[in-house]
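Below is one structure, written out as structure tokens, with a few remarks after it.
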Amino acid sequence: MNKHKRLKKSFKPTFSKFGGSLPIFSHKDAITAALAEPSSGLIICGQTGCGKTTQVPKYILEAGLSSSKMIAVTQPRRVAAVTIAQRVAHELGSSCGQTVGYSVRFDKRVSDDTKICYLTDGMLLREAILDPTLSKFGVIILDEVHERTVSTDVLMAIVKKLRETRDLKVIVMSATIDIPKISEYFGIDKVVSVKGRTYPVEIYNLKQPEGNYVDNAMISILQTHLEHPEGDILCFLTGQEDIEDLQSLLEEKIELGKHPDYNMAPLVVVPLYANLPNHLQLRAFEKCEGRKVILATNIAETSVTINGIRYIIDSGLCKMKSFQTTTGVDTLKITAISKNSATQRSGRAGREAPGKCFRLYTEEIYDEMSDSTPPEIFRTNLSRVIIQLKAMGIKDVSDFDFIDKPSKQLYINAFKELNDLRCLDADANLNELGRKMSIIPTEPVYSKLLIHSTKTEYKNISKDIVIIVAMLSVENIFYAPRNFQRKAERKHKKFFVLDSDHLTLLNVYNYYIKNKGNSGFCKENFINEKSLKKATQISNQLLGYLKTLSQKSDGTVEETKAEVINELDMIAKEADENYDRNQLITKCLYEGLPLNTYQCHENIYRSTKTHEECNIHPTSVLFNKFPTYVVCSEIIITSKKYMRFCTDISKVYVKD
DNA sequence: AATCAGGAA
């Protein structure tokens, strides 16, 4: 007790002013009382800004409710886990990694003294694969549950099950009022509701459903700018293309507005989407001359928060990925958002002061929207989830107790894929390959390819496959801003390896390493530096896992694989190495990616297995080249069914 | 001659 009094005294004054008025404070006793018993549970319902994420773990710690074990707090996003941990550590007057720490991919600050650990939901899930009882933790706090990420859904089920077998306390935190469902699922009847700290936002709807939404957005933005007092504008659109279109439209009008007859007040247009290079993303957060209008994708709905926003323009649309069970392919389609999303978007205007939200859709359209976005687990390829569950020793995964159970068809598709990958035994349990795959943090298709590449027949190309997989997992290596499109494409072409997107990615990476990760090199060639940095981290991590997996039972490491690690630095020197090596990589891609082989007949590609038609993606180096046989690593339906990332395998293809 | 939601391990 004494100790905690001391901790309280060391609150920094900057925080005590803010913290003192947190709505969560008045619920402290109720929260600690609810968690007194072993295996007790609590649901906390509260909007962002009520202080639940930062304060509740401290209450638990102060009251000694986690015995000597750690308190885990999960977050859907890594930045959130890191920044919240740093902040709570600061509030307790200690540095991050002592009493309060965090654990996210590539970054971990945890010590023997750590009592509160913020981690991403994906990270806690990994812990559960290594230790299915999560024995380190006495209390698990699942935060932002309303976002319903796949990892959160899996964790909810795991935690629910663990509470039946050992003393584990659980707190489920959610911003929405779908509390009865959570309450019934966990069998927890204690609920604390906390008010948020937000200001009212006036909502305006479109009167008539007319015009396209990019034009409507432009008109609304200009009207808001001309008729409303200061405060920045945030406009939600669906993707990069809309954003760039609207940006050009607005900039034209702004140019006109500069004419002395109009003398329009300054307005600055700032795009914001995930694939934008870092230095351009930052512009959304910087102060600027005059009013700022940010044109954003869904990234601004939950992932980033921008200060100074008073006006929202909401298209009511977003792009959503869905797994199509009929074809087993992902689709990415423009979809109407849900009522919850609409509320979340409008709320972005009321964080600091009262705001206004202009919805580019009628009230009737709003009424027809679904209440909430379908959970991700309904829309995803389940193969990775199944491998994870099997790795935790759960046998009957299709009966697994999810809060919302995915359809049987999703399971059937996933099992089909896992069978094709040959990672299950006759009883549908993981075989040796499957167990190895469960350790590697990539999509099953890629973990299979990685393990496949370590076969001796491929000599030492494993490290190249690792790089290719790392590059595929970051996407958007090449960046082409609208104003520099031609120039960017010319620069990009220099890196093209003419018969393969995969070898092209490898080539870019090798040049990047050769230039020692130089920022100038990236900028000059319109290459996304952020992506390449991440690819470097991923390939190092993947190499590490492959090394562990290749360890023999006597603990020694097979020589070839150990060599792989040391060779990473040498890559640059052998970047232009010969044709034979590329041939081996091509062969490995062909044999390790058995799902997607396509044959060309009169410029039309059909699957060699199902004979279904597919097109080469316009961004591929093979676009309009029509080699006879190609293998691809990703298929997605947008406007058409596309193969992204293809390699010409005509020279190595063997007919069945 | 056309494309590119967001997150995580």
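Predicted model only: the values in this text are computed from it and were never measured. Chain letters run A, B, ... following the sequence lines, proteins first, then strands; residues in each count from 1.
- Among the heavy atoms of the strands lying under 4.0 Å from A:Arg78 are primed sugar atoms or P, OP1, OP2 only; no base atom is included.
- Counting non-hydrogen atoms under 4.0 angstrom, A:Arg77 reaches the backbone sugars and phosphates but no base.
- Among the atoms of the strands shown, none is found under 4.0 Å from any heavy atom of A:Thr149.
- A donor atom on one side chain and an acceptor atom on the other are found under 3.5 Å apart for A:Ser539 and A:Tyr509.
- Remark: A:Lys405 is not positioned above the aromatic ring of A:Phe400, lacking an NZ or CZ atom under 6.0 angstrom from the ring centre and at most 45 degrees off the axis.
- In this structure, A:Phe623 reaches the bases: a heavy-atom distance under 4.0 Å links it to at least one base atom across the strands shown.
- Close approach of DNA chain B to chain A, defined as any atom under 4.0 Å from a non-hydrogen atom of the protein, starts and stops at B:dA1 to B:dA9.
- By the neighbour-count criterion of 12 heavy atoms within 6.0 Å, atom CZ of A:Arg384 is densely surrounded, having more than that number from other residues, nucleotides or ligands.
- Nucleic acid contact for A:Glu376: base, since at least one base atom lies under 4.0 Å from a heavy atom of the residue.
- Of the residues near DNA chain B, A:Thr619 and A:Gln541, the one whose nearest nucleotide (by heavy atom distance) lies more toward the 5' end is A:Thr619.
- Side-chain atoms of A:Asp501 and A:Ser620 form a donor-acceptor pair, as typed in the model, at a separation below 3.5 Å.
- Backbone-only engagement by A:Val104 is indicated by non-hydrogen atom pairs under 4.0 Å involving sugar-phosphate atoms exclusively.
- Contact annotation for A:Ser151: no contact, since no heavy-atom pair falls under 4.0 Å across all strands.
- A:Ile299 comes within 4.0 angstrom of the backbone, heavy atoms only, and of no base.
- For A:Asn278, the side chain to side chain contact (heavy atoms under 4.5 Å, CB included) partners at least two apart in sequence or on another chain are A:Gln281, A:Lys530.
- Across all strands, A:Thr302 comes closer than 4.0 Å to no nucleic acid atom at all (heavy-atom distances).
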After noting the C-alpha distance and the side-chain angles of A:Glu529 and A:Lys533, does the key distance pass the salt bridge (Lys or Arg N to Asp or Glu O under 4.0 Å) rule? CA-CA 6 Å; A:Glu529 188 182 5; A:Lys533 273 188 179 155; 3.7 Å; yes
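- Taking 4.0 Å as the cut-off between side-chain N and carboxylate O, A:Asp404 and A:Arg148 count as a salt-bridged pair.
- Note on A:Gln537: nothing from the nucleic acid sits closer than 4.0 angstrom, heavy atoms only.
- Contacts of A:Thr638 with the nucleic acid, taken as non-hydrogen atoms under 4.0 Å apart, involve only primed sugar atoms and P, OP1 or OP2.
- Along DNA chain B, the nucleotide closest to A:Asn624 and the one closest to A:Ala480 are compared, and the more 5′ of them pairs with A:Asn624.
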